[in-house]
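Read through the structure below, which is laid out as structure tokens, and then see the notes.
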Amino acid sequence: MATCGLLGAKLTHSYSPQIHALLGDYPYVLFEKSEDEVEDFVKNGPFTGINVTIPYKKTVLPYMTELSETARRTGSVNTIIRLKNGGLYGDNTDVYGFTEMVKKSGIDCKGKKTLVLGSGGASVSVIDALRTIGADPIVTVSRTGENNYANLDRHKDAKVIVNTTPVGMYPDNGPSPVDLEMFPECIGVLDLIYNPARTGLLLQAEKLGIPFMNGLYMLVAQAVRSSELFAGEKLGIGITEKVVRELDFSMKNIVLIGMPGSGKSLIAKKISGFTGRTLADTDEEIKKVTGRSPSDIIEEEGEEAFRKIETAVLADICKKSGLVISTGGGVVTRPENYPLMHQNSNIVLIDRPLEMLSSRGRPLSKSKGVKALYEERWRLYEEFADLKVKNSGFKAGAVAGYILEKLKEAGK
Ligand code: NAP
């Protein structure tokens with residue numbers, strides 16, 4: 001029986017076990033090793049095939065007895081197979097993964113000036129793939145290189161931007177390595193980061209109407225190719241899409257928005273019960289952080305002070321993955337809350353008819369009146385939502401089931 005796995009220095013946040021569980025029957029073990037353990041592990045470790053990740057993709061190269069063409073060209077190995085003759089075959093499936101990502105994105109790099117941000121391990125594979133695709137010229141932007149972030153205006157004619165830096169990656173969500181406004185001719189943005197689903201860079205691309213894609217497709221495609229090497233046989237057509245959809249759904253949060261009293265908390269509890277997703281409630285979190293309830297804060301300090309606290313709490317919760325999150329009715333009133341939620345979530349609007357909404361224990365509903373609040377916010381709810389679901393006379397469990405079905409159906 002094959003034993004496969006992943007070799008790296010720190011592997012706690014890896015998605016590879018989840019991906020390989022969907023691809024093959026082999027056990028997939030995480031092997032965390034220090035630099036001085038790598039040689040002995042690679043030569044004598046208990047595996048038939050392994051993936052290699054940061055920071056050992058170059059370290060393992062000298063121990064290989066055979067190399068694929070891409071591993072030789074890039075000097076980087078992310079898949080090792082123990083051969084029957086006792087030798088070790090090293091391949092680089094990141095090049096394949098990135099090539100598939102470009103194809104899937106529909107962004108045409110051929111003959112286009114392409115900026116590759118970052119000059120680390122991943123950029124080598126990206127540049128190798130871009131050369132084969134025919135991107136031209138390819139310019140590496142490095143903090144310390146000839147082309148750097150201080151002289152980016154040299155390259156304002158760039159057509160495609162590829163981010164291979166970790167800037168904007170969880171848990172440091174938000175910042176972007178470049179301002180896309182600097183590149184008026186840009187026709188596509190590719191970010192190797194997949195957590196969050198939309199980095200600061202991709203959120204800006206979306207806002208500017210530039211086609212974009214995150215790195216999840218690359219991650220899965222390289223794993224599919226590795227899995228084929230592990231098992232010695234091809235996987236079916238469409239497997240990459242299938243795994244990407246499944247992973248994308250499970251990694252993204254489900255955020256429920258809607259009027260106070262629309263049933264968000266109860267429906268969120270049901271979704272959590274059905275799926276095992278951790279439940280988060282922004283109002284409950286505010287209580288934990290401040291020691292006061294939202295209504296007390298609003299009554300004592302006013303709505304504006306409360307909204308600031310709410311945004312900070314939202315930023316913290318929404319950068320996580322795979323949660324179901326119930327929000328306070330007013331989250332849509334601050335535009336800066338949208339990217340916080342949209343970066344890594346499917347946003348679902350719980351639509352409960354006005355006459356069924358209760359104002360009990362809800363200070364804003366009482367003071368402004370439910371109807372006035374509804375009229376003030378409805379357009380905002382619709383603008384924020386990826387999916388709108390009716391909650392009028394159904395059991396919370398039925399609404400929760402319907403939401404899960406619809407999100408899966410839409411490949412959200
Ligand atoms: P790496 O070897 O550490 O290289 C990252 C490069 O980014 C560095 O060499 C550096 O280049 C630049 N960089 C680092 N910190 C920076 C900062 N604060 N500001 C600007 N630039 C910075 O890492 P890697 O293996 O190439 O991975 C890079 C990213 O790609 C990670 O987020 C990783 O998760 C992702 N990745 C995704 C996939 C996938 O399948 N989707 C595969 C591999 C990697 P300069 O010194 O030249 O500026």
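Start at 1 with the first residue, then count along the sequence. We count ligands from 1, going down the list as the structure has it; atoms in each ligand are counted the same way.
- With 3.5 Å as the limit, one finds no donor-acceptor pair spanning the side chains of Asp351 and Tyr381.
- In this model, a donor atom of one side chain and an acceptor atom of the other lie less than 3.5 Å apart for Ser68 and Thr70.
- Here Phe394 and Tyr402 keep their ring centres 6.0 angstrom or further from each other.
- Contact detail for Arg82 and Gly45: the closest heavy-atom pair is NH2-O, 2.9 Å.
- Using modelled atom types, one finds no donor on one side chain facing an acceptor on the other under 3.5 Å when comparing Asn195 with His13.
- For ligand 1, the protein residues placed under 4.0 Å by at least one non-hydrogen atom are Ile54, Gly118, Ser119, Gly120, Gly121, Ala122, Ser142, Arg143, Thr164, Thr165, Pro166, Val167, Met169, Leu192, Ile193, Tyr194, Gly215, Met218, Leu219.
- A donor atom on one side chain and an acceptor atom on the other are found under 3.5 Å apart for Thr74 and Asn92.
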